[in-house]
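Accompanying notes for the structure given below.
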Protein chains: 2
Amino acid sequence: MVRVMPRLLIADDHPLFRAALRQAASEHLDDCSVREACDLQGVLDALATDPDIDLVLLDLHMPGSQGLSGLAAMRGQYPAVAVLVVSAHDEPHVVRRVLDHGAAGFIPKSANPGEISEAVHAVLNCGNWLPPALARSVAALPSNPADADLAARLARLTEQQYRVLALLAEGLLNKQIADRLGIQERTVKAHATAIFEKLGVRNRTQAGVLLHMLDLGEPGASAAAS
Amino acid sequence: MVRVMPRLLIADDHPLFRAALRQAASEHLDDCSVREACDLQGVLDALATDPDIDLVLLDLHMPGSQGLSGLAAMRGQYPAVAVLVVSAHDEPHVVRRVLDHGAAGFIPKSANPGEISEAVHAVLNCGNWLPPALARSVAALPSNPADADLAARLARLTEQQYRVLALLAEGLLNKQIADRLGIQERTVKAHATAIFEKLGVRNRTQAGVLLHMLDLGEPGASAAAS
DNA sequence: CCGGCCATCGTACGAAAGTACAACAGGCTC
DNA sequence: GAGCCTGTTGTACTTTCGTACGATGGCCGG
């Protein structure tokens, strides 16, 4: 049975799609609380301020999160919160990686409201959910041990450490990271050292590469100053 | 018409598959010269010693080259040589990227000999070739300008600079790179500066990230010293 | 209440990175 | 042959990184 008063968080950078998700998700729930977020920071803030959230409907492509990095950050900080990934990337190998990084289910953006409602119910009952067609394809794909390893390493990072890592991986200097986070360069160094230790790497370049392994196909139009 | 005495290079790390490709490719060619390579270095060496190579059948997954990096290196050094990519990654968005990086065509590993022969003929006649089914899917995908930009930047690199970049992106120290290439650390620094300038980045971390944008899904089981 | 984890910051130091001034040899083209 | 690009190396310098010893205060669970 569905828990009383489930609390949902809908994370998508598209307001219209958030509304559609909200509608479909709450359709067959007697009573529920729904929050929304439009970027990764908003998701983490919501989880920090509202520790009773049960389920997050997460779009993979949001400001502050390309690929699986948003999912990794969430799973690291709040392992108890279930995540239903919603994405247009419905290739089997992508879904495989999503599940390996701890998502409880996957909803293609092409799904109809009935499927979304079904998925939400299944996951709230502590289960998993995949579209039947995808479930078959994904089952055939081996789980990549490198991905599980990556997830385990990233899960050890603190929230702040994760923020530092994200900026580190963009090639920013320690001083720039310090300014961006409103702290001293010394503190950034302390975080960096902790990050390297937890990730098992020896310098910022390797850390950056490790983080960027969470990207899926499609290169994001990223920084390049001429 | 097919040029007289076309010269092919078959690059795949699987000897058996190389043989199959050789067989299929030369099937309907009256006369041709075929070389083989089993890793990226072998490909570059072959191209360096034999400037008359017309066409390379390139597997995307080879020692020294994950994802598109091998293709990028070839296209940068030898823009005149046609490349037919052979890969099991037959997802449309992967093929889209392959073409954006200058490949003349794409052959799924599931292709039959007839198709391979057809593809080789088409490309030798200065044309392109895709399996009909893929051609439709790929045409629907927009060409990602970020990919074209990436290809343009990488094409400006020298062969040696590319080697340095590859090691740089693994997080190696300048000294380690120097040892690996049998040159002085000072020289590595010179290459690094040139690389940063050509790629439009400001440090090795950003360069590494840029190179790793050539990766396709599946994280390679990469380095991690504990 | 206390031990542990976390974030914050301080000083100092060695190592590495990156830049600026070079130079010389080889190959290529015009 | 002159000019250009590439690869190579040298010295010297500034900046950044990474780590070493610290310290303080907040928060949380036993």
Side-chain angles (χ1 to χ4, degrees), chain A residues 44-45 47-49 51 73 76-80 154-210 225, chain B residues 44-45 47-49 51 73 76-80 154-210 225:
Chain A
L44 295 176
D45 288 348
L47 288 169
T49 60
Q77 297 311 309
Y78 309 94
L154 289 168
R156 303 181 55 197
L157 295 185
T158 311
E159 194 169 338
Q160 184 76 327
Q161 285 170 356
Y162 190 86
R163 275 192 283 269
V164 172
L165 174 58
L167 298 173
L168 213 68
E170 289 179 21
L172 297 189
L173 305 179
N174 285 340
K175 184 69 178 76
Q176 296 176 302
I177 298 175
D179 291 344
R180 201 75 82 81
L181 297 180
I183 57 181
Q184 296 307 115
E185 178 179 0
R186 175 63 188 86
T187 309
V188 174
K189 286 188 177 183
H191 286 309
T193 302
I195 291 170
F196 300 157
E197 205 283 325
K198 287 185 178 178
L199 294 187
V201 301
R202 290 193 320 304
N203 56 46
R204 55 181 52 221
T205 302
Q206 291 182 338
V209 168
L210 217 57
Chain B
L44 295 176
D45 287 349
L47 287 169
T49 60
Q77 297 311 309
Y78 309 94
L154 289 167
R156 303 182 53 198
L157 294 185
T158 315
E159 194 169 339
Q160 184 77 326
Q161 285 170 356
Y162 191 86
R163 274 192 283 269
V164 172
L165 174 59
L167 298 173
L168 213 67
E170 288 179 22
L172 297 189
L173 305 179
N174 285 339
K175 185 70 177 74
Q176 295 176 301
I177 298 174
D179 291 344
R180 202 76 81 82
L181 297 179
I183 56 181
Q184 296 308 116
E185 180 180 358
R186 176 61 188 88
T187 310
V188 174
K189 287 188 179 185
H191 286 310
T193 302
I195 291 170
F196 300 158
E197 205 281 326
K198 287 184 179 178
L199 295 187
V201 300
R202 289 191 313 302
N203 56 44
R204 57 179 52 220
T205 302
Q206 293 183 338
V209 167
L210 217 58

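Below, chains carry the letters A, B, ... as their sequence lines are ordered, and counting in each starts from 1. This structure is a prediction, so every number in the text was calculated from the model and none was measured.
Heavy-atom nearest nucleotides on DNA chain D were determined for B/Q184 and for A/N203, and the one closer to the 5' end corresponds to B/Q184. Nearest-nucleotide mapping onto DNA chain C: of A/K198 and A/I183, the residue sitting toward the 5' end is A/K198. For the pair A/T205 and B/L181, nearest-nucleotide mapping onto DNA chain D gives the more 5' position to B/L181.
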Find every protein N or O atom lying less than 3.5 Å from an N or O atom of nucleotides 19-25 of chain D, and list the pairs.
from	atom 1	to	atom 2	distance (Å)
D/dT19	OP2	A/T193	OG1	3.2
D/dA20	N6	A/R186	NE	3.4
D/dA20	N6	A/R186	NH2	2.9

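For the atom pair CD1 of A/I195 and CD of A/Q160, the computed distance is 9.0 Å after rounding to the nearest 0.5 Å. How far CG of B/D179 is from CG of B/L172: 10.0 Å, rounded to the nearest 0.5 Å. Taking NZ of A/K189 as the reference point, atom OG1 of A/T193 lies at 9.0 Å (rounded to 0.5 Å).
As a whole-Å value, the separation of B/Q176 CD from C/dA17 P is 8 Å. C/dG18 atom C1' lies 19 Å from atom NZ of A/K175, rounded to whole Å. Remark: P of D/dG7 and CG of B/L157 are 10 Å apart, rounded to the nearest angstrom. Protein atom CZ of A/R163 is 14 Å distant from nucleotide atom P of C/dC6, rounded to whole Å. Between the CD atom of B/E185 and the C1' atom of D/dT9 there is a distance of 12 Å, given to the nearest Å. Nucleotide C/dT8 holds its C1' atom 16 Å from the CD1 atom of A/I177, rounded to whole Å. Between B/Q160 atom CD and C/dG26 atom P there is a gap of 17 Å when expressed in whole angstrom units. Note: CZ (B/R204) to C1' (D/dT16) measures 12 Å, nearest angstrom.
Note on B/H191: a side-chain N or O is less than 4.0 Å away from OP1 or OP2 of D/dT8. Taking side-chain N and O atoms only, A/N174 has no distance below 4.0 Å to OP1 or OP2 of D/dT16. Put simply, A/T187 has a side-chain N or O that comes within less than 4.0 Å of OP1 or OP2 on C/dC9. Between B/T158 and D/dC5 there is no side-chain polar atom (N or O) within less than 4.0 angstrom of OP1 or OP2.
Not one N or O on the side chain of A/R204 forms a donor-acceptor pair closer than 3.5 Å with the backbone of B/R204. Checking side-chain atoms of B/Q206 against main-chain N and O of A/E170 turns up a donor-acceptor pair under 3.5 Å. Looking only at distances, a side-chain donor or acceptor of B/N203 sits under 3.5 Å from a matching main-chain atom of A/G171. Counting only distance, with no hydrogens or angles, the side chain of A/Q77 and the backbone of A/L157 share a donor-acceptor pair below 3.5 Å.
End-to-end axis angle for the helix from C/dG3-D/dC28 to C/dC30-D/dG1, using five pairs per end and rounding to 10°, comes out at 40°.
Under the 4.5 Å side-chain criterion, counting only non-hydrogen atoms from C-beta, A/T205 is not in contact with B/L168. With a 4.5 Å cut-off on side-chain heavy atoms, A/L181 and A/V164 count as touching. Using a 4.5 Å cut-off on side-chain heavy atoms (C-beta onward), A/L167 and A/R163 make no contact.
Contacts of A/Q161 with the nucleic acid, taken as non-hydrogen atoms under 4.0 Å apart, involve only primed sugar atoms and P, OP1 or OP2.
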